[in-house]
Amino acid sequence: MSQVRVRFAPSPTGFFHIGSARTALFNWLYARHTGGVFVLRIEDTDAARNSEEFLRVIYDSLTWLGLNWDEGPRVGACGGGDFGPYRQSERAAIYREYLDKLKAAGRTYEKDGAVWFKLLGERHEVFDDHRKKTVVKVKNAPAVIDDRIRGRVERTEDEDFVIVRSDGTPVFHFVNVVDDIAMNITHVIRGEDHLSNTSKHVELFQAFGAPVPAYAHIPLILKQNGPGKMSKRDQGALIEEYQRRGFLPEALVNFLCLLGWNPGDDREKMPIAEIIRLFDLPGVNQSNARFDEKKLAHMNLAYLLEVPPDAFVRQARDYFSRLGDLPAARAALVAAPEFFREVVLLCQPKLKGLEELPAYSAYFFTEDYSVDAKVRDKLLAKGDPLARLRELAKTLETADFSSDTAIEEAIKVLAAVHGLGFGDYQSIARLAVSGTNVGPSITGMFRVLGRDRVLVRLARFPAK
RNA sequence: GUCCCCAUCGUCUAGCCCGGUUAGGACACCACCCUUUCACGGUGGGCACCGGGGUUCGAAUCCCCGUGGGGACGCCA
C-alpha cells in the first residue's frame, strides 16, 4: 500500500473559520495517523476575490493550531515538496497541459468563449424550473462514490460544465482534480457540501484515465443560532477571534476533534498524540453538528488549569501585550516582573479564560480601580462593616505578611476576639481592596499587594 | 423544482454494522455539599431514541414511506 497523501485546499477569499479549521484538522489527523503526507494547496484561481491578507490568515491560523503541513507554500518550518508550486495561480502551465489531454481525447468543446467538459451520452433539452431556462441534459450513467464515511453514494452528473472561463482561467472543478492527480492525492477529506460536486470530479478523473481517490465527506458545522451551516460572518466563527481572545489552541483543537468524531469511549479531554493514535475515517460521524461555544469554554478551562506556571506567566504577558494601548494592559506590563508573575498565578486557578484576566486582575496594577456600587450598597446596608474595616486595618498593621496562612491566622484571631467569623471581615475587606465581590482569596490578595497598599486602600475606602 | 446526505437529552455524543441496556457520558440547567467571596470540585435531579407502517417472540438498532434538518444545482471555491 502506497503512502497516504491528503491535502487541505483553502481558497483565500475570506477569513479562516471553524469549519475550514476542522476540515484541515481531520486531514492532518489522518495524515499523522497513517504516517502520510499533509499537503497545503492554495486554491486562488479566482483572482478577483483573493487577497494576500486572507492568505496570511490561513498560514497564521494553521500555525497557531499546530497543523503543520509537510508540503505546500514555505512558511517557517512548513512547506516545500516535489509537487509544487502549491498555489494554483502559479500552475497555469500544468493546467494547459492537462487541458490539452482532454482536448485530444475529444472531451471538450467551446461555447460562449469558454471551454466545456463534454459528458458521454445522448443529449436532450429540458426546462429547468430552478434556473428558469431550458438546459441541455445528458443521459449519463451514475458516478459511484465509495465514501469512507458515508458508504456507497451514487449521483448522476447530467450536464456539461465549464472548465475554463472565457478569460482563459480554469475553474475549481478542473484545477481541483488536475492537482489531485498531479500531486498524487490518495484521500480527499472535505466538507459534505462537496458531496454533490463529487460526480463532476469523478467524471474528470475518469476522462483523464486517472484513479479516483478515496473520498471522505465529513459532516458540516452548523451555526449555533439559526438555520444553516456556519459561515465566516457568524458570531464565533473565526479562528483568529479565538486566538485574539486568548483561547488555548490545544483546547480548541481538542474541542474541534470532538465535533464529528470521538474515541469510542467517554474520554473527551485527550492529548493530541492519543487522538492521532485513535483517529480514523470510519469513526467520523455522518450527521452535522451544531457549534457550542459553552462547551469550548469548558474545554479551555480544563486546559488552562494545567498550564505550568512559567508558561502561564508567559502567555499572560503575551495576551496583555496584544491588548496594546489599553490602560489596564499597559499598567500590567510596566509592573515589576515578579509582581506580575505573582498576580497572574494567583488568578490562574480562578479564570475561565485568558480574556478574563485583565478585568480580573486590574486592581493589582492600579490604585485607580472602580468600586462596584451595587455590591457596596448591599454590604454597607447591614451591620457595621466600617468598624470591621478599622479593626482589620489595625490588625494588619502588625500582622505577619509572609504567607497566606499567616494572614489568615491573624484575621481569624481578630474575628475570635470580637466573637465574629472570618466571613464578617472578608466581604467588606475584599470590596475595599479590590472594588468587587469576586476574586482570589483575600489572604493571597493581601500578601501579593503588600501591607502598605492594603492599608492605604482600607483607610480610604469610606471616602470613596 | 431536481438531485444528494443526515436523524438518540436544549447541545456534542455512546449504543446501531453483529436486534434482548434501568438507553451511558460530557456541556448547559436545577438542588445540595465543600467553602473565606467567585470559581474549581463532589453528590443528586430533570432532560432523548422524529412519526407511521412493516420484519421479528422481541426494534433506538433491519426494511419502506412520511416528516424534519442540511447540502448541491455559477464562466465562486
Side-chain angles (χ1 to χ4, degrees), chain A residues 9-14 43-46 48-50 88 111-116 126-132 135 137 142 145 147 149-151 153-159 161-173 175-176 191-200 217 219-220 222 224 227-229 255 258-269 282 285-299 301-302 305 347 349-352 356 360 375 408 411-412 415 421-427 429-431 434 436-445:
Chain A
S11 66
T13 55
E43 307 221 331
D44 53 353
T45 55
D46 185 6
R49 303 198 321 174
N50 288 312
Q88 290 184 333
K111 192 175 91 185
D112 304 330
V115 180
W116 294 65
V126 13
F127 185 78
D128 185 301
D129 203 40
H130 177 70
R131 283 171 290 181
K132 305 291 179 212
V135 298
K137 295 270 187 185
I145 302 150
D147 196 282
I149 293 171
R150 278 149 219 288
V153 177
E154 281 189 16
R155 186 174 187 280
T156 305
E157 194 60 40
D158 61 0
E159 273 182 65
F161 52 93
V162 169
I163 52 177
V164 180
R165 300 183 187 94
S166 49
D167 68 0
T169 58
V171 305
F172 163 74
H173 300 299
V175 296
N176 190 266
E192 201 225 69
D193 49 343
H194 284 293
L195 189 51
S196 299
N197 291 327
T198 308
S199 49
K200 282 189 179 68
H217 286 93
L220 267 20
L222 273 24
Q224 25 192 357
K229 63 172 174 172
F255 172 76
L258 263 18
L259 237 42
W261 177 86
N262 66 78
D265 54 38
D266 287 342
R267 284 177 297 170
E268 294 200 326
K269 182 169 178 294
N285 291 137
Q286 304 177 26
S287 50
N288 295 342
R290 202 167 289 277
F291 184 78
D292 178 12
E293 68 172 21
K294 285 242 181 70
K295 188 146 185 170
L296 168 60
H298 182 263
M299 185 66 78
L301 168 77
L305 249 18
C347 295
K350 302 287 202 161
L351 299 170
K352 276 219 178 347
E356 290 181 352
Y360 200 83
V375 175
E408 184 178 340
I411 298 175
K412 279 186 173 165
F422 187 101
D424 292 302
Y425 293 88
Q426 186 202 203
S427 299
R430 176 186 298 286
L431 179 69
S434 73
T436 164
N437 62 341
V438 301
S441 73
I442 57 167
T443 56
M445 186 191 299

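What you see below is based on every heavy atom in this structure, not just the backbone, and it leaves out hydrogens, waters and symmetry mates. In what follows, chains carry the letters A, B, and so on, assigned in the order in which the sequence lines appear, proteins first and then strands, with residues in each chain numbered from 1.
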Paired nucleotide for [N] [Watson-Crick or G-U wobble; both distances under 3.5 Å]:
N	result
B:C9	none
B:C17	none
B:C34	none
B:C29	B:G45
B:G58	none
B:C76	none

- [ ] Measure across A:E154 and A:P142 and return the closest heavy-atom pair with its distance rounded to 0.1 Å.
- [x] OE1-CG, 3.7 Å
Open item on the list: Using every non-hydrogen atom in the two residues, find where A:K111 and A:W116 come nearest and quote the distance to one decimal.
Closed with: O-NE1, 3.2 Å
Do the side-chain N or O atoms of [X] get closer than 4.0 angstrom to the phosphate oxygens (OP1, OP2) of [N]?
X	N	value
A:K229	B:A72	yes
A:R131	B:A72	no
A:Q286	B:C5	no

With rounding to whole Å, what would you report as the distance between [N] and [M] at their [atom1] atoms?
N	M	atom1	answer
B:G46	B:U55	C1'	36 Å
B:G19	B:C62	C1'	8 Å
B:G20	B:C34	P	44 Å
B:U37	B:C50	C1'	46 Å
B:C49	B:U22	C1'	15 Å
B:C16	B:C76	P	46 Å
B:U56	B:U11	P	35 Å
B:A14	B:G25	C1'	7 Å

Open item on the list: If you assign each of A:P219 and A:K200 to its closest nucleotide in RNA chain B, which residue comes earlier from the 5' end?
Closed with: A:P219
Open item on the list: If you assign each of A:H194 and A:G264 to its closest nucleotide in RNA chain B, which residue comes earlier from the 5' end?
Closed with: A:G264
Distance check, rounded to the nearest 0.5 Å: [X] atom [atom1] versus [Y] atom [atom2]?
X	Y	atom1	atom2	value
A:R430	A:S441	CZ	OG	7.5 Å
A:E268	A:M299	CD	CE	5.5 Å
A:N285	A:L258	CG	CG	10.0 Å
A:R290	A:K295	CZ	NZ	15.5 Å
A:N197	A:F161	CG	CZ	9.5 Å
A:K200	A:N176	NZ	CG	12.0 Å

- [ ] Using a 4.5 Å cut-off on heavy atoms from C-beta on, say whether the side chain of A:L220 contacts that of A:D193.
- [x] yes
Can you tell me the distance, in whole Å, between the [atom1] atom of [X] and the [atom2] atom of [N]?
X	N	atom1	atom2	answer
A:K132	B:G74	NZ	C1'	17 Å
A:H298	B:U13	NE2	C1'	16 Å
A:E157	B:C3	CD	C1'	10 Å
A:I163	B:A77	CD1	P	13 Å
A:E154	B:C5	CD	C1'	14 Å
A:F161	B:G74	CZ	C1'	13 Å
A:L222	B:G69	CG	P	12 Å
A:R150	B:G71	CZ	P	13 Å

When all nucleic acid strands are considered with a 4.0 Å heavy-atom cut-off, which category describes [X]: base, sugar-phosphate, or nothing?
X	result
A:T45	sugar-phosphate
A:F127	nothing
A:N262	sugar-phosphate
A:P227	sugar-phosphate
A:G228	sugar-phosphate
A:S427	nothing
A:H217	nothing

Distances for protein N or O near nucleotides 33-36 of chain B N or O, under 3.5 Å:
{"unit_1": "B:U36", "atom_1": "O2", "unit_2": "A:Q426", "atom_2": "OE1", "d": "3.3"}
{"unit_1": "B:U36", "atom_1": "O4", "unit_2": "A:E408", "atom_2": "OE1", "d": "2.5"}
{"unit_1": "B:U36", "atom_1": "O4", "unit_2": "A:E408", "atom_2": "OE2", "d": "2.9"}

TODO: Show your reasoning for whether side-chain hydrogen bond (donor to acceptor under 3.5 Å, both in side chains) applies to A:D158 and A:T156.
DONE: CA-CA 6 Å; A:D158 61 0; A:T156 305; over 6 Å; no
Shortest side-chain distance from [X], nucleotide among [options]:
X	options	result
A:D128	B:G1, B:C75, B:A39	B:G1
A:V438	B:C38, B:C75, B:G70	B:C38
A:E43	B:C38, B:C27, B:A77	B:A77

Open item on the list: Suppose we screen for side chain to side chain contact (heavy atoms under 4.5 Å, CB included). Which residues come up paired with A:R150, at least two apart in sequence or across chains?
Closed with: A:D147, A:V153, A:E192, A:L195, A:H217, A:P219, A:Q286
Open item on the list: Just to verify, what does A:D265 make a salt bridge (Lys or Arg N to Asp or Glu O under 4.0 Å) with, not counting sequence neighbours?
Closed with: A:R267
Task: Polar side-chain contact A:S196-B:C3 base: donor and acceptor under 3.5 Å - done: no
- [ ] Measure distances between side-chain N and O atoms of A:K350 and base N and O atoms of B:U37, and say whether any donor-acceptor pair falls under 3.5 Å.
- [x] yes
Task: Results of ring pair (Phe, Tyr, Trp, His ring centres under 6.0 Å) for A:H173 - residues two or more places apart only - done: A:H201
Task: With sequence neighbours excluded, residues passing ring pair (Phe, Tyr, Trp, His ring centres under 6.0 Å) with A:Y425 - done: none
Task: N-glycosidic conformation, B:C12 - syn within 90 degrees of 0, else anti - done: anti
Open item on the list: Stacking between A:H130 and B:C73, defined as ring centres under 5.5 angstrom apart with planes under 30°, is that present or not?
Closed with: yes
What are the atom names and distances for every N/O pair under 3.5 Å that joins the protein to nucleotides 10-12 of chain B?
{"unit_1": "B:C12", "atom_1": "OP1", "unit_2": "A:R290", "atom_2": "N", "d": "2.8"}
{"unit_1": "B:C12", "atom_1": "O2'", "unit_2": "A:L258", "atom_2": "O", "d": "3.1"}

